[in-house]
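Following: one structure in structure tokens, then a few remarks.
In the text below, chain A, chain B and the rest are named by the order of the sequence lines, each starting its count at 1.
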2 protein chains.
Amino acid sequence: MPKPRILPNVILGLLDNHPQMSGRDIENEFQTEIGEFWQASHSQIYPELKRMLADGWIQMVDAQPGDDGKVIRYDITSAGRTHLLDWLHEPVNSDNDALSSLKLYFIHNRTSPTLTSILTAEIRLHRAHVAHLQEREQQLFGSSSLIEQQYGHYLILKRAIEREQNNVVWLEQTLKELKP
Amino acid sequence: MPKPRILPNVILGLLDNHPQMSGRDIENEFQTEIGEFWQASHSQIYPELKRMLADGWIQMVDAQPGDDGKVIRYDITSAGRTHLLDWLHEPVNSDNDALSSLKLYFIHNRTSPTLTSILTAEIRLHRAHVAHLQEREQQLFGSSSLIEQQYGHYLILKRAIEREQNNVVWLEQTLKELKP
DNA sequence: TCGTGCATGTAATGAGTTACATGATTAT
DNA sequence: ATAATCATGTAACTCATTACATGCACGA
């Protein structure tokens, strides 16, 4: 099966929050706001908009008074909104975990159940990852001290453990503060 | 200019540490040891080995007694080792920073100057990144409290800051422990 | 009027994944 | 014997990046 395409979901998320965007507007978002976490070039965006239009996820809207000539503005359709929500609610697993941060970007309300569900699933995954990395550390550098012979490998393993542990702490703290 | 290819450097790094590897051996490394941090499939590896052979970075070695039939084993050449070292010593900047961890994997000696230089450059970059993210936080969520309207965005920005700060602390600590 | 930015579009290239494919060896 | 694994190789497809390209609007 082919890899799931992310870009259309991102575009839907942007249109859901800012109606009547043009392709250029979307490109600008990728260079500023969401650009910290995700990028796309205009040569991806324009063909993607065409496809989404054909799929009925977005629709063209009339040009606004201030617009000059060739601007094309889009709105998300109800079919598009359904697709977006389906994507946001897809169960978080080790394959798609990297997209969790991106999904969070499109959740605007702190009381959203989707938010809680993503954070909870992430905690589970990253705890498991910490355990896996610690096991690797034991296997590789536990008994016989090969640290000095493979110092770089040792360092990045240590860094990965540190990063994942910190991530788990942050997730737990964030989830806790969400509750009350 | 086309994107720099990473795979040949990774293969050189592996061959530098384990002589006389076959394509299959390299594939196995990608699934186990280094697989935590980098992956490649055999359909990339085999053509890449051919190219590297043509470039003179590696050479074939005679099959070992236990080998069956079609195994092809390779060694790194002095030209290959030069290329590997050049890559490891490339200045760390914001474009190639993501590869720093990968490079560390190929540094076996804790007294290596390359190690110090990479860690020092990383500290500089990630400090700058923290500053940039904090500035974004101020811009977006500083004065007027838009946090509740863009809660997901707020969260991933916070997480990014936390992650980068933790990274800087780890780098500083690691560098300090390297010195004495 | 001339350069720069806006807004959209297509083409060429390259890198990676999945799938297809073959022959040899080893285990059941 | 035959199924699974080893070891190598090629082909098809997708995705993303870079480059190429057009026409309009606006300011110097």
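Between D/dC15 and A/Arg5, a contact under 4.0 Å exists linking OP1 or OP2 to a side-chain N or O. Taking 4.0 angstrom as the limit, B/Lys50 places a side-chain polar atom (N or O) nearer than this to OP1 or OP2 of D/dG9.
Residue A/Ser43 places its side chain closer to C/dA11 than to any other of D/dT10, C/dA7, C/dA11. Each of C/dT18, C/dG16, C/dA7 was ranked by its minimum atom distance to the side chain of B/Ser41; first place goes to C/dT18.
Atom C1' of nucleotide D/dG9 and atom CG of B/Leu49 are separated by 12 Å, given to the nearest angstrom. Straight-line distance from the CD atom of A/Glu27 to the C1' atom of C/dT8: 10 Å, rounded to whole Å. Between the NZ atom of B/Lys3 and the C1' atom of D/dT18 there is a distance of 11 Å, rounded to whole Å. Between the CE atom of B/Met60 and the C1' atom of D/dA7 there is a distance of 15 Å, rounded to whole Å. Following rounding to the nearest Å, B/Tyr46 (OH) and D/dA11 (P) show an atom-to-atom distance of 17 Å. Here the P atom of nucleotide C/dG16 and the CD1 atom of B/Ile11 are 11 Å apart, to the nearest Å. Straight-line distance from the CZ atom of A/Arg51 to the P atom of C/dG9: 13 Å, rounded to whole Å. Atom NE2 of A/His42 and atom C1' of D/dA16 are 13 Å apart (whole Å).
Among the heavy atoms of the strands lying under 4.0 Å from B/Ile72 are primed sugar atoms or P, OP1, OP2 only; no base atom is included. A/Ser22 comes within 4.0 angstrom of sugar-phosphate atoms only, judged by non-hydrogen atoms across all strands, and of no base.
Take A/Phe106 and apply the ring-ring contact (aromatic ring centres under 6.0 Å, His included) test, not counting sequence neighbours, and it matches no residue.
Of the possible polar contacts, none joining the A/Asp55 side chain to the A/Trp57 backbone as a donor-acceptor pair under 3.5 Å is found.
Put simply, the residue from B/Thr120, B/Thr114, B/Thr116, B/Leu115 that forms a side chain to side chain contact (heavy atoms under 4.5 Å, CB included) with B/Ile118 is B/Thr114.
With DNA chain D read from its 5' end, the first of the two nearest nucleotides for B/Asn28 and B/Gln44 is the one closest to B/Asn28. Nearest-nucleotide positions on DNA chain D place B/Asp25 closer to the 5' end than the other of B/Asp25 and A/Ile6.
Ring-plane geometry between A/Tyr46 and A/His42 is classed as perpendicular, the angle between the planes exceeding 60 degrees on a 0 to 90 degree scale with a lower cut at 30.
With a 4.5 Å cut-off on side-chain heavy atoms, A/Ile26 and A/Val10 do not count as touching.
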